[in-house]
Amino acid sequence: MTQAIVDTGPLIIQSDHTFMLETAHPRYADCRDFLASFAELVKSPEFIHTYRVTPLSMWNAAALEMSFDDIGKGLERFSRYTLPANVITDMREWHDLYGRLVLEKVSPTHLRLRVLDEVLLPRIGQIAEVNRFFGDSTADGWLIASGQRGDLKQALIKAGYPIKDICGYDAGAPLEIDLRDIDLDGQAFTLRDYQQDAVDAFYQGGRSTGGSGIIVLPCGSGKTIIGIGTAARISGHTLIITTNNVSVHQWRDELLAKTDLVADTIGEYTGLEKTVKPVTITTYQMLTHRRSKTAPMRNLAIFNHNSWGLIIYDEVHLLPAPVFRATTAIQAKRRLGLTATLVREDGKEDDVFALIGPKRYDVPWKTLENRGFIAEAVCTEYRIPLPREEEIRYARETKRRRYRVAAENPLKIELARELIDLHTEDHILVIGQYISQLEAIAEVLGHPLITGKTKHAEREKLYARFKSGDLRILIVSKVANFAVDLPDANVMIQISGTYGSRQEEAQRLGRILRPHDRRSCFYTLVSKGTDEQNFALNRQLFLVEQGYKYHIRYY
DNA sequence: TATCAGGTAA
DNA sequence: AAAAATACCTGATA
């Protein structure tokens, strides 16, 4: 089939639902921002970026009330050729599917699944994994026992059908929470406009479906504040689940600083202290902990311990499987997921969609950068040749072990030294994946190293010196991925990372994005022509999607 | 009572 | 597919 050239737009739409975007095109940036709202970047070599639309990406767009007309018009505007009819048809079908299946409440014990499409109705009725939840038939659907709300949604999404859930939520036990105008440090405090918008978008949602879903915002843009704002808006008992104990304390401190809650209403439920209060903060590990492989996870009972009006899932992309399972049973509670990147390398995005909810709000990183809320950053990928000896080892190793050989390229130490010398005034973090490699770097370059083994007292000492400027260079292991108390830096040198993790790359860049007067620099060091280079490409996808450009240099 | 090492889990 | 980090619990030490 030949296609007529319509104009010289930057986008080529292919019939397999992938899009190719020409990066040198003058309208590249506009088109990239347009695609970000409903497509996923899958490849980003220098000149042509490849995107993919999936049912899930279209449902998230539909849940954000993005109309298909706008998407279709945008595609026409950017497309080089006439649009392939099958792609547009599929996209429209996926988009329109969201909202065709509606779950509503009919009584305290029963819900009704309505299928607003005569063709779809019998098809849904025939899916065995789904129809086992069906009770009596109604004119356009079935009755469902209230307790099956989560299981049904999860089963349907696995079968390829998203439900729009308008059953509403338990109010939960009330608790007056008011935001302070002046925080505990005496600083004026109000929500920034986008934070307020996020709270509103979550609370109201699209018409009647609000009250559960995900808010996607970069690190450092105030996700905790949005959580607190939401808790204040709902003013009910609140359970907050986060990743580690330091983060538990940070949530508590922020709640005390920014709301009128007193210490006595806030409880921590961790290994150190187990109190359940109207506002309770706990960790994923606490919830999933068990004494032995076969013992039950007793702490999951906390979901029903209080009459929660809101449950906040911090860093929702890390939510473990058992917490998903527990979440199916509490679909009547308001649920807020917070994350910087919706992507999970384990592919459980559909469970997040079904059980926590669709995306309710996001802001592109570059928008926040332009408005000065996060720092400007220049990203550079250095490609370094493998020395002869390592080259041979690399060639000999099995596929799975050669990554490490490439990652531990000894020349990286030399380049790191040169980069450090380049930044005489900056606060620099050198981050890597392998302890032995980091120990070698610390030894050769003579800077302190923090790993998981470093005692907390020692860490805090080093953090304090780094913060005061007494110490300018710190070498860190994966501890820095989630160390909430790590002070701000403006230069990061990434020696190695966890394979292709987009999440990790975003998290690490986020480390140097606190606003400051000088520009931030992010360097990522990879061995040229190895698997590491391919993994690096995958790591960068999310940030490229967000408008970051990686400059390539050769060493 | 507090702290630390060692084992286990995911 | 493998390495590292974390947090839980228990029991010993001071």
Side-chain angles (χ1 to χ4, degrees), chain A residues 240-251 268-275 280-302 314-327 344-348 351 393-394 397-409 429-442 449-460 462-463 474-486 494-501 503-505 507-508 511 530-532 534-535 538-539:
Chain A
I240 300 163
I241 317 168
T242 185
T243 51
N244 60 44
N245 288 334
V246 180
S247 175
V248 167
H249 287 131
Q250 186 168 288
W251 273 94
E268 290 173 34
Y269 195 76
T270 64
L272 308 166
E273 195 194 329
K274 288 186 184 48
T275 50
T280 299
I281 314 163
T282 185
T283 65
Y284 290 114
Q285 297 206 15
M286 188 68 205
L287 293 187
T288 55
H289 180 264
R290 47 169 120 186
R291 296 191 166 190
S292 71
K293 268 193 173 149
T294 50
M297 296 181 188
R298 295 177 312 168
N299 292 332
L300 285 170
I302 198 172
D314 194 14
E315 311 288 1
V316 71
H317 55 276
L318 297 172
L319 192 152
V323 179
F324 271 124
R325 258 172 266 133
T327 301
R344 297 175 60 111
E345 306 301 337
D346 68 359
K348 286 203 189 295
D351 279 330
R393 272 180 60 211
Y394 181 84
E397 279 297 359
T398 57
K399 196 153 173 47
R400 67 177 96 124
R401 279 199 295 184
R402 51 158 73 150
Y403 176 79
R404 182 160 186 166
V405 176
E408 294 192 304
N409 185 344
L429 291 172
V430 180
I431 192 164
Q433 144 107 326
Y434 301 106
I435 301 296
S436 52
Q437 180 184 32
L438 292 170
E439 281 167 347
I441 293 177
L449 165 70
I450 299 180
T451 72
K453 292 199 289 280
T454 313
K455 299 243 162 60
H456 281 266
E458 176 69 10
R459 291 186 206 190
E460 273 160 39
L462 289 169
Y463 290 159
L474 209 48
I475 301 173
V476 289
S477 69
K478 284 175 82 160
V479 280
N481 284 12
F482 290 101
V484 201
D485 45 357
L486 181 66
Q494 178 171 250
I495 302 288
S496 52
T498 312
Y499 303 92
S501 172
Q503 171 62 44
E504 185 177 76
E505 189 95 343
Q507 203 89 31
R508 289 179 171 181
R511 280 272 168 235
T530 66
D531 290 351
E532 192 187 25
N534 299 328
F535 280 121
N538 194 68
R539 294 172 65 81

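Quick caveat: nothing in here was measured; it's all calculated off a predicted structure. Computed over heavy atoms, backbone and side chain alike; hydrogens, waters and symmetry mates excluded. Just so we're on the same page: letters track the sequence lines, and every chain starts at 1.
Considering only side-chain N and O atoms, A:N481 lies nowhere under 4.0 angstrom from the phosphate OP1 or OP2 of C:dT6. Not one side-chain nitrogen or oxygen of A:R402 sits closer than 4.0 Å to the OP1 or OP2 atom of C:dA1. Checking the phosphate oxygens (OP1, OP2) of C:dC9, a side-chain nitrogen or oxygen of A:K274 falls inside 4.0 Å.
Nucleotide C:dA4 holds its C1' atom 17 Å from the CD atom of A:Q503, rounded to whole Å. Note: CZ (A:R404) to P (C:dA3) measures 6 Å, nearest angstrom. In this structure, NZ of A:K455 is placed 15 Å from P of C:dA5, rounded to the nearest angstrom. The interatomic distance linking A:Q437 (CD) with C:dA4 (C1') rounds to 13 Å, in whole Å. Following rounding to the nearest Å, A:D531 (CG) and C:dA2 (C1') show an atom-to-atom distance of 14 Å. Summarising the geometry, the separation between CD on A:E315 and C1' on C:dT6 is reported as 15 Å, rounded to the nearest angstrom. Between A:Y284 atom OH and C:dA7 atom C1' the separation is 15 Å, expressed in whole Å. Distance A:I495 CD1 to C:dA4 P: 15 Å, rounded to the nearest Å.
Of the candidate nucleotides C:dA2, C:dA3, C:dT6, C:dT6 has the atom lying nearest to any side-chain atom of A:N244. Across C:dA5, C:dC8, C:dA3, the shortest atom-to-atom separation from the side chain of A:N245 is found for C:dC8. Among the nucleotides C:dA5, C:dA3, C:dC8, the one closest to the side chain of A:T270 is C:dC8. Set against C:dA4, C:dA5, C:dC8, the side chain of A:T451 has C:dA5 as its closest nucleotide. Side-chain proximity of A:V479 to the nucleotides C:dC8, C:dA5, C:dA3 is greatest for C:dA5.
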message = For A:V479 and A:T454: C-alpha separation, side-chain torsions, deciding distance, then whether side-chain contact (heavy atoms from CB on, under 4.5 Å) applies.
response = CA-CA 10 Å; A:V479 280; A:T454 313; over 6 Å; no
request  = Evaluate side chain to side chain donor-acceptor pair (under 3.5 Å) for A:S436 paired with A:R404, printing each intermediate quantity in order.
outcome  = CA-CA 11 Å; A:S436 52; A:R404 182 160 186 166; 3.3 Å; yes
Close N or O pairs between protein and nucleotides 8-10 of chain B (under 3.5 Å):
| residue | atom | partner | partner atom | Å |
| --- | --- | --- | --- | --- |
| B:dA9 | OP1 | A:K293 | N | 3.4 |
| B:dA10 | OP1 | A:R290 | NE | 2.5 |
| B:dA10 | OP1 | A:R290 | NH2 | 3.4 |

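With sequence neighbours excluded, no residue forms a ring-ring contact (aromatic ring centres under 6.0 Å, His included) with A:F324.
A side-chain donor-acceptor contact under 3.5 Å links A:Q507 and A:Q503.
Taking the side chain as every heavy atom from C-beta outward, A:I435 and A:S477 approach each other to under 4.5 Å. A:K478 places a side-chain heavy atom less than 4.5 Å from the side chain of A:T498. Put simply, the side chain of A:T530 does not reach to within 4.5 Å of the side chain of A:R402, judged on heavy atoms.
A:Y499 comes within 4.0 angstrom of a base, heavy atoms only.
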